[in-house]
Amino acid sequence: MPNRISIRIDGELVQAERGQTIFEAAQANNRFIPGLCQFKGLSTVGACRLCVVEVQGVNRLLPSCTTPAQDGMAVITRSAKLNDYRRQALELLFAEKNHVCAVCVSNNHCELQAYAQRLGVTNVRYAYRYPRLKVDMSHPRFVIDHNRCVLCTRCVRVCNEVEGAYVWGVAGRGIGSRIACEMDRDWGKASACTNCGKCVQVCPTGALAEKGFAAEEMVKRQDLVERLATIRGTMNPGGSR
Amino acid sequence: MTFAPPSPAQLRREDQDFLDQIISDQDGRPGMLLTVLERIQERQPEKYLPAPMLEYLARRTGIPESRIYNVVTFYALFNLKPQGRHTVCICRGTACHTRGSMRLLESVRLQLGLREDEDEGSADKLTATTPDGAVTVRTVACFGQCALAPVAEVDHQVLGHVNERALQREVEQLRR
Amino acid sequence: MTKAPKARLATAWLDGCSGCHMSLLDVDELLLTLADRVTIVFGPLVDAQHFPESVDVALIEGAVSSQDDLRLAQTVRENSKFVIALGDCAVTSNVPSMRNSIAPTRLLERVYIAGADTQPGVPLENVPKLLRAAIPLHEVIKVDLHVPGCPPSAAAIAHVLTELLDGRKPDLSAVAKFG
Amino acid sequence: MTQRINDLSSFNAARAAGLRKLIPGVPRIAIGMGTCGMGNGAEAVYHAFADSIHNLGLGFHLTRTGCFGFCAEEPLVNVLLPGQPLVVLRRIQASDVPALLDHLAAGRIPAELALCKIEDWDHITATIKYGVGQPDIPHWHEVPFFKGQKKIVLRNCGLISPLEIEEYIAVGGYQALYEVLIDAKPEAVIEQLKAAKLRGRGGAGYQTGLKWEMLRKAKAERKFLISNADEGDPGAYMNRNEIEGDPHSMIEGMIIAGYVTGATEGLLYVRAEYPLAVHRLQQAMDQAREYGLLGRDILGRGFNFDIALVEGAGAFVCGEETALIRSLEGRAGRPTPRPPYPAEKGLFGYPTNINNVETWYNVAPIVVKGAAWFTETGSPKSPGTKVFSLVGKVQNTGLVEMPLGTPLKTFVYDIGGGATHGKAVKAVQTGGPSGGTIPQEMFDTPVDYETLAQLGSIMGSGGMVVMDEDNCMVDVARYFVEFTHSESCGKCTPCRAGLDQALRILNRFTHGEATDSDLDTLDELSRMIRDMSLCGLGQSAPNPVLTSMRHFRREFEDHVRAHRCRAGVCEELALSPCENSCPLHMNIPRFLQLLKEDRLEDAFLSVVLDNPLPASTGRVCQHPCDNRCRRSAIDDAVNMREVHRYIADSIYGTPRYEALIGRVVERRLPPTGRKVAVVGAGPAGLSCAYYCALLGHEVTVYDSNAEAGGMLRYALPDYRLPVEIIQHELELIRRLGVQFVFNTMVGRDLTLNELDAAHDVVFLSIGTWKESWVYLAGTELRGVLHALPFLESVNKDETTPLGRNVVVIGGGNAAIDSARTALRLGANVTIVYRRERKDMPAIREETEAAEAEGAKIVFLAAPHRIVDDGSGGIQAIECVKTTLGEFDRSGRRRPVPTDEILRVACDTVILAVGETVDLDFVKASGLRLKEGGTMLEVDRHTLLTSRPNFYAGGDLITGASNVSNAMGWGKKAARTIDQALMDDYRWPLIWPEFHYGMTVPAHPSNAGRHHTRELDPAERAATFAETTFPLAPVEAMEETCRCLRCDIRADH
């Protein structure tokens, strides 16, 4: 079986490697698809839904991060409908928690903000929820601010799959879902945390940050984790969970 | 797991034996974690999952604490707080709803002076216990007793076609 | 060539830091051009007691936090053809929203009693009544254009005003950022 | 010690043992002990039987069964006397047991307790013959609830004991397994399932045969079969009853699947909320293992398969297969994207097949009877049957098993028996939180996978909840979204955060805070959630919203624009349920409380500012408030109508009247200088005039009659509404400055253009005075009268040529009024009505009064022709007897003519078959009519017609209605007219502030409802004077003390 396949992205024929997901194939060909939960080297979960695309012959939208590219597949990554849906998804995330960019350490270095900018979000049509959420400062080096969390679960996966410490999990369900440390401990009292900081580096927003930075100062070093994750061989293209 | 677990606080010998037994019974079987947790909760007079037992379970089985916490906060059946000695359970199924079950819930809450907890993040935020620990009021998605709607359950006894007054009388009985 | 009548521009300052107004003043030499084309009829920059009728463009800075804010926003809407939410506070409620998870009474007690150096006590008069939450402008009135930014850059404001005066719909993608 | 079954003889031995239990040769009593029976007291019934049988030393065989499906009639008890049919007794309580045993011991079965009998029963896998006899008891399929049902899945439920494997074997159980293992051709079974086109009964409808084939072809060291019994749909409970009544059918289905697909491990995932089902399954599996039917070396054929049971811990999303798998792996039930599909990579990464409980029940019948037999039932694309739980607002509730493709109306009307309490069915909700609501107009829809999907709903697990006019469709949508919101796993953004926003928007609707833009936002959000969510829960969660918005958009709009919830469910939109149901929206709790505080004059002011004709409506209103009063949950509704009559009567004709008129006139706002013309001085016109005058406008009322009052004055007989009462009420309207122009017919004496020129606004409110055309031979004869002219002439004291024997045709209020009037004129009266008594539109009390006074009513007869006496008069009327046919759009059974002719001798016939508005004046007026041409078109919210400044209300826009409804339209018109004239909302300024008690009564009066007193019928029939007397002061006071004060909210 040849290792190269061809697929059509937005009408244009491009080459991809067998086993790549649509997302990876698009990225390899410099096509932009937004995605918050996807992270190179970690397993895919298809949770944020920003990366959905239309595939010819399939009557529903598919998450490009979990759908394998197949030879001859015709994919639409941009359309008025997709743009509207993705914007709605972003607006829902902004309305869900308390994202006050002006005072955020990741302001201007935030994936959520960048996507909003790129997709032309100028305001949020939904009512802001203003939940009362914790900021856990108990860890000596890091901080988790639940007000800024988009529940992408990159932190959970990097901790499980790369570091193997299993510190983070998702507690609760539905709109009450939140990232929790072990048996809901303060992070500073976590029994298994190795203080490696990978969770901080993969976090797309300012929810996980290093202490000691002021607004706009936190720049995540995702490249390091990506490389590590790939070297450790946990990279799992098109994989599940 | 190589880390040092937190001190296994107040775990009684018999609880530990019970846990060892049930873990070895269930080990490796599908649905094991759910079954073990159900058994633990069922054994507590206050129908909840005490933290020390969960910590021991994690240590003994190697299931990460974060996963156990994930599971116990996901399913509506599990309680992390002690439950009341009596339980009043109101069905919020469709048939019951169309026959006014929410009004029953309001009236019982009012009678017991309970308020709805907002955004607690628990799976079933409609659960509340009186401060004296006497009565827990909860709801259930559906008893499957739709032909008897509206339905309430007081200490596991089903009351069909119940109205506010009848339910209030039952609750009054509990508090005696 | 006859000179077009000047457009009537108003600004309003709700719950915000006035940074957006500062940014408006930062448009530099465009101010001179603007002065030829618009008259500023209301706002912190001019001395007018009441919001006038038939305003062409109104720029509102700040979140809606109090009864006074609410009333002013409504007055602006009733008397203006085109209303712009200027800056993040008006667009998202931004920093003012950080109080929203706390009940107003507790907030006032914290500030005026627990936080008071002298004469603790919640003022009852001459202070506008707080709304339960500080909310974005579009939750209370119809907004014709959102210009996000904290503050929006002078270039963004200049672009928006020039385009509007020339009768075009401003395209913000190049000049504004969200959040 | 039981013997393992490993050959035909041991199999037959077990079967014979089972048969001895089923037909024991002694009386057999089986108590229906599913959860539904237990909830109705079956446990106590069982013990009562056990004790009595023991004490009396009767050699009866007592046992338990599951549910026979008719849950509304539980506890059901099956009784089998040797040689006789099996008789199903209904609603048996422990107290019935001693007498019942006496009867049975004497070989009798009390027919009055019987629901039905079964002479022989097709268990599909076998037939059981019980016996014949008991002619007084209907066959089971003659009972409407069971008619048309076909029991394949429920073949054993309620008939065999779920605790005895031998009984299951006796009715053909494990026969299919035996055949499959002997034949040893697993592919053949798959081919059979594919040919039968058996589709998954959990909702998605994927073909079972294809799924099994995939698993069979998958290569792996372990394969799993899972039965999904995590039935979580609110409103659906068929899986529970199937398991409780017949656990072995599912087990057998799974074992067959294990053999066919090569899986050796089966898992049952059962809701923890179903303890009885769990218990019965465990017991059944133990028995199956003992008999060598489960576990190692099944039937001695060397095949191993075992099943383990796991209790789900309460998460609706675990009905989704990938979530269920995660749950069995000991994780939170968060779904994962597909691919990979479970058939490739399922539980612990091994190939896995998941079927719904009900799917397994179809396996053994298909194996035994074949695919061709199976496809005989149901529709071509969806063969077979489906079990539905029919619940909600129908008379008969329970589990029904019907062929797929059966139309919805069969469920609602034929099986369900239609709505309860004479209400109208509005919709059926299918598929629970993932489904949608289907409006009554679409009840011809066949229930199958494809058709329901086209309507935006799904079949789902088979929940079917019937909704009536008391259900608010906005609230229903909100309810389901609240449910899915609380059951969302929270993994993907659209479902987690989107449903939260959808719920917030829907809450704004039910709280009356929504705006028009919320309708659009909700629509676009719902579509996004549907298209973007990760799993079936999120993808289908918007269905209830989208279908409600599609089929019931008006209700959404009412919540936004009129701040009204017609069903009275959304409490924030109403002061109280009574207020909401009142067409005039009277503040009923207020006048009750004011009277309770002994402030009669304030109470009068409150009443009369809400309702300008309180004494009239106090007598003739249809009192919809009674149907809504919460007091009726305790005993009976507060008699609100009679209290306001009492209040008005206590003021009228007393010296206080003048002072109170003064207090009303004081409320008039300063003159506005605007002129309002009101056309028609009936209840709608008078109300509009009254409020326009109070708002300061100059009002002129035009009427073609010589006096004001319209129907009140001319159509209602004096004994119901004395003319002096109307005069008191008109006086008040005159004092507010309203001018009347009588004997002037608009369109003839005065054109609409002239009216338009002389006034700022015109309100049209003409009544239904035009007789509907009747296609009936003989209507030209002398002695044929129309109801309204007849009543009018009596009211005007004109002499009416009425004979001795009068027949009235019709069942509405005009018919009853005509009949009672004719009785008072000394005639013998027969009323002929084409439907049943419960379908009569007339006020029930009036019908009963007419009968008491001597009127005869013939139901189910339609006039055929009026017979000539040879001299231009009437000799008789001939009617065709009718029977009841299908349900029509109004939810009533359509009368179908028969061959039987009924002849009633008479000399007078009064036709009261409906009236319409004379719309001649509308021609060339610029006023648009609604489709059908009998009513004016208006904007529902403003009542503005298609012509500027012309408003309309009452019968003119609704067709013939009643006094209170007409007044409600007039009142509403005054409000919108004022708003348009003054560009301001001045309406609340009419009312002064009433200060009155606002505490919920701790001890509302225990007294029952007080009724008015009446003369006895004979005296009544002799007089036109009023014959019902108002409540006595102490009675009125006690009624006020019965009010529960629903207007006071806990949070206020």
Side-chain angles (χ1 to χ4, degrees), chain B residues 26 29-38 41-42 61 63 67-68 70-78 89 91-100 102-103 106-107 109-110 123-126 139-149 151 153 156-161 163-166, chain D residues 35-36 38-40 71-72 74 224 231-237 239-241 265 267 269 272-274 308 310-316 327-334 347-348 389 391-393 397-398 429 432-433 463 465 467 470-471 475-476 479-480 482-483 486-487 489 630 633-634 1050:
Chain B
Q26 290 292 325
R29 300 175 68 162
M32 171 222 172
L33 185 56
L34 285 190
T35 310
V36 169
L37 291 169
E38 281 159 10
Q41 179 162 305
E42 198 45 47
T61 58
I63 301 173
R67 169 109 72 83
I68 293 179
N70 178 351
V71 167
V72 298
T73 55
F74 184 85
Y75 295 98
L77 186 77
F78 299 125
C89 190
C91 180
R92 57 188 160 93
T94 319
C96 291
H97 177 80
T98 59
R99 289 180 183 268
M102 285 322 278
R103 211 173 291 133
E106 272 165 37
S107 97
R109 281 230 194 87
L110 206 64
D124 195 347
K125 69 169 182 169
L126 296 172
T139 64
V140 65
C142 185
F143 278 125
Q145 296 273 26
C146 311
L148 301 179
V151 178
E153 213 185 58
H156 302 289
Q157 191 203 332
V158 174
L159 305 172
H161 302 304
N163 64 34
E164 280 170 54
R165 197 174 257 200
Chain D
T35 300
C36 49
M38 309 265 247
N40 275 320
C71 305
E74 292 276 3
F224 290 98
E231 180 175 58
D233 271 25
Y237 59 102
N239 290 169
R240 190 201 64 200
N241 279 28
E265 289 169 79
L267 284 161
Y269 189 82
E273 286 93 337
Y274 286 175
V310 177
E311 288 181 53
F316 174 69
S327 186
L328 286 171
E329 288 173 350
R331 294 160 189 260
R334 296 200 177 85
L347 186 61
F348 301 120
S389 56
V391 295
K393 305 294 185 64
T397 54
Q429 209 283 343
V465 184
M467 317 258 171
D470 291 351
N471 294 120
D475 175 68
V476 168
Y479 162 78
F480 282 116
E482 186 175 53
F483 179 83
S486 72
E487 297 293 342
C489 81
R630 290 221 188 114
I634 297 172

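Order of the sequence lines sets the chain letters (A, B, ...), proteins ahead of strands, with each chain counted from 1. As the structure is a prediction and not an experimental result, all values here were calculated from the model.
Contact count versus chain B (heavy atoms, under 4.5 Å) is highest, among D/C36, D/P433, D/A313, D/G392, for D/A313. Contacts with chain B were tallied for D/N239, D/D475, D/V476, D/L347; D/D475 has the most, counting heavy-atom pairs under 4.5 Å. The residue among B/T35, B/N163, B/V158, B/L148 with the most heavy atom pairs within less than 4.5 Å of chain D is B/L148. Taking B/M32, B/R29, B/E38 one by one and counting their heavy-atom pairs under 4.5 Å with chain D, the maximum is reached by B/E38. Heavy-atom pairs under 4.5 Å with chain B peak, among D/G333, D/G398, D/G432, D/C489, at D/G333. In terms of non-hydrogen atom pairs under 4.5 Å with chain B, the most contact-rich of D/C71, D/A332, D/G235 is D/A332.
Heavy-atom distances place no part of D/S389 under 4.5 Å from chain B, backbone and side chain included. Heavy-atom distances place the side chain of D/E273, and not its backbone, under 4.5 Å from chain B. Within the 4.5 angstrom heavy-atom criterion, no atom of D/N241 approaches chain B. Interface residue D/M467: only side-chain heavy atoms are found under 4.5 Å from chain B.
Classification of the D/Y479-B/H97 ring pair by plane angle, with boundaries at 30° and 60°, yields parallel.
Closest of all the heavy-atom pairs between D/F348 and D/E329 is N-OE2, 2.7 Å.
Using a distance-only test at 3.5 Å, with no hydrogens or angles considered, a donor-acceptor pair links the side chain of D/E487 to the main chain of D/F316. With hydrogens and angles disregarded, no donor-acceptor distance shorter than 3.5 Å links the side chain of D/E265 to the backbone of D/F224. Not one N or O on the side chain of B/E153 forms a donor-acceptor pair closer than 3.5 Å with the backbone of B/C91. Using a distance-only test at 3.5 Å, with no hydrogens or angles considered, no donor-acceptor pair links the side chain of B/H161 to the main chain of B/V151.
D/Y237 has its ring centre no less than 6.0 Å from the ring centre of D/Y274.
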